[in-house]
Amino acid sequence: MPDNSKKIHIYSDGGCRGNPGHGAWAAVLTDGKNRRVIGGAASLTTNNKMEITAAIEGLRALKGPSNVFFVSDSKYTLQGITDWIHGWKKRDWKTANKKPVKNKELWQALEAEASKHKIEWSWTKGHAGHDENEECDEVVNLLMDRIEMGEDPKSIKFDERGFVD
């Protein structure tokens, strides 16, 4: 399992203009010495899908099993992966009201990525001055701006160097 001496911090955010509408996600990964910013965009998506995608992609960006301190402003994502998912699986991916779980494939992907790491999940209030959360929000908005300017969301990628075509 992960090396206990080093903890990777991941901060994530997702957003959407319209719900559904143009959306984007971003994550900041740091180990205290190294730092990486990643992001991506999608059309006709939802805020919740982008929040979960940010978590998935943040974890996918890790090079191997890691100790992770994961910070999100999405209670939906955090409660989903730490609490609700257990009941959904017991009920064959149905909610307590016996309805199909929304975003099932994303939850399954997040669980698969999370299972590779030792993760401490943490919530932060969005738009409250948390530096990395604010940075993620900026990247998300830049990506959504690019979609609104007519760019194909599948072609828009963002990393620590800026936009990558």
Side-chain angles (χ1 to χ4, degrees), residues 2-3 6-17 19-43 45-85 103 105-148 151-165:
D3 171 12
K6 189 161 122 179
K7 187 169 273 196
I8 308 292
H9 287 82
I10 301 177
Y11 306 87
S12 72
D13 195 19
C16 196
R17 293 188 183 150
N19 209 13
H22 300 306
W25 62 269
V28 173
L29 296 83
T30 182
D31 65 4
K33 292 191 323 189
N34 303 298
R35 179 181 174 81
R36 185 171 176 207
V37 181
I38 59 173
S43 58
T45 189
T46 66
N47 184 66
N48 285 340
K49 286 180 180 179
M50 292 294 91
E51 291 282 6
I52 301 167
T53 299
I56 293 165
E57 296 300 332
L59 293 171
R60 273 189 187 145
L62 298 173
K63 296 193 185 329
S66 303
N67 282 313
V68 178
F69 182 71
F70 197 107
V71 180
S72 173
D73 64 3
S74 170
K75 287 184 179 179
Y76 172 74
T77 301
L78 295 177
Q79 287 181 299
I81 195 62
T82 62
D83 186 20
W84 302 336
I85 198 166
N103 307 313
E105 294 79 15
L106 290 173
W107 289 116
Q108 290 172 326
L110 179 54
E111 181 183 41
E113 291 302 321
S115 72
K116 300 173 187 174
H117 310 284
K118 182 178 178 200
I119 304 174
E120 179 183 349
W121 300 94
S122 181
W123 178 80
T124 188
K125 182 177 169 99
H127 312 287
H130 185 282
D131 289 343
E132 288 83 4
N133 180 258
E134 296 290 340
E135 183 175 2
C136 285
D137 185 65
E138 271 183 52
V139 172
V140 165
N141 279 291
L142 287 169
L143 289 164
M144 288 188 295
D145 289 347
R146 302 271 300 249
I147 297 171
E148 289 178 353
E151 290 189 51
D152 178 359
K154 292 183 175 126
S155 72
I156 304 171
K157 301 285 184 254
F158 186 91
D159 72 11
E160 66 275 5
R161 295 176 307 273
F163 288 99
V164 178
D165 294 321

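The first residue in the sequence is number 1, and the count goes up from there.
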- Query: So Arg17 and Asp145, salt bridge (charged side-chain N to carboxylate O under 4.0 Å, His left out) or not? Walk me through it.
  - Reply: CA-CA 10 Å; Arg17 293 188 183 150; Asp145 289 347; 2.8 Å; yes
- Query: Has the side chain of Asp31 got a donor or acceptor atom that lies under 3.5 Å from a matching backbone atom of Asn34?
  - Reply: yes
- Query: Does the side chain of Lys75 reach to within under 4.5 Å of the side chain of Leu78, using non-hydrogen atoms?
  - Reply: no
- Query: Can you check whether Ser74's main-chain N or O pairs, donor with acceptor, with Ser72's side chain at less than 3.5 Å?
  - Reply: yes
- Query: Side chains of Val28 and Arg35: does their closest heavy-atom pair fall under 4.5 Å?
  - Reply: yes
- Sub-4.5 Å side-chain heavy-atom contact between Leu106 and Asn48: no
- Message: Parallel, tilted or perpendicular, judged at 30° and 60°: which one describes the rings of Phe69 and His9?
- Response: perpendicular
- Going by heavy atoms in the side chains, are Val71 and Ile10 under 4.5 Å from each other? no
- Examine distances only and state if a side-chain atom of His22 and a backbone atom of Ile147 form a donor-acceptor pair shorter than 3.5 Å. no
- CD1/Ile8 to NZ/Lys118 distance, rounded to the nearest 0.5 angstrom? 14.0 Å
- Any side-chain heavy atom of Pro65 sitting closer than 4.5 Å to one from Lys116? no
- According to the salt bridge (charged side-chain N to carboxylate O under 4.0 Å, His left out) rule, which pairs have a member within residues 120-132, sequence neighbours left out? Lys7-Glu120
- Message: I'd like to check the salt bridge (Lys or Arg N to Asp or Glu O under 4.0 Å) partners of Glu138; sequence neighbours left out, ordered by chain and number.
- Response: none
- Message: I'd like to know whether the aromatic ring centres of Tyr76 and Trp107 sit less than 6.0 Å apart in this structure.
- Response: yes
- The reported gap from CG in Leu29 to NZ in Lys63 (rounded to nearest 0.5 angstrom) is 9.5 Å
- Would you say the side chain of Glu51 lies within less than 4.5 Å of the side chain of Trp25, judging by non-hydrogen atoms? no
- Heavy-atom donor-acceptor pair, Asn141 side chain to Asp137 backbone, under 3.5 Å: yes
- For side chain to side chain contact (heavy atoms under 4.5 Å, CB included), just list the numbers for Ile81 and Ile119, CA-CA rounded to whole Å, side-chain angles, deciding distance to a tenth of an Å, and then say yes or no. CA-CA 11 Å; Ile81 195 62; Ile119 304 174; over 6 Å; no
- So which heavy atom on Val140 is nearest to which on Ala24, and how close? O-CB, 3.5 Å
- Using a strict cut-off of less than 4.0 Å between a Lys/Arg side-chain nitrogen and an Asp/Glu carboxylate oxygen, indicate whether Arg146 and Asp152 qualify as a salt bridge. no
- Message: If you define the side chain from C-beta out and look only at heavy atoms, does anything of Val68 sit under 4.5 Å from Leu62?
- Response: yes
- Rounded distance (nearest 0.5 Å) linking atom CZ of Arg60 with atom CD1 of Ile38: 10.0 Å
- Task: Apply side chain to side chain contact (heavy atoms under 4.5 Å, CB included) to Ser122 and Phe70, showing your working.
- Result: CA-CA 6 Å; Ser122 181; Phe70 197 107; over 6 Å; no
- Item | Where Ala54 and Ala27 come nearest, the two heavy atoms and their spacing | O-CB, 4.2 Å
- Atom pair CD/CG of Gln108 and Asn103 - distance to nearest 0.5 Å: 11.0 Å
- Task: List the steps, then state whether side chain to side chain contact (heavy atoms under 4.5 Å, CB included) holds for Tyr11 with Thr124.
- Result: CA-CA 10 Å; Tyr11 306 87; Thr124 188; over 6 Å; no
- Heavy-atom closest pair, residues Asn47 and Gly15: OD1-CA, 3.3 Å
- If you round to the nearest 0.5 Å, how far is CE of Met50 from CG of Asn19? 10.5 Å
- Out of curiosity, Lys49 NZ to Ile56 CD1, how far, rounded to the nearest 0.5 Å? 11.5 Å
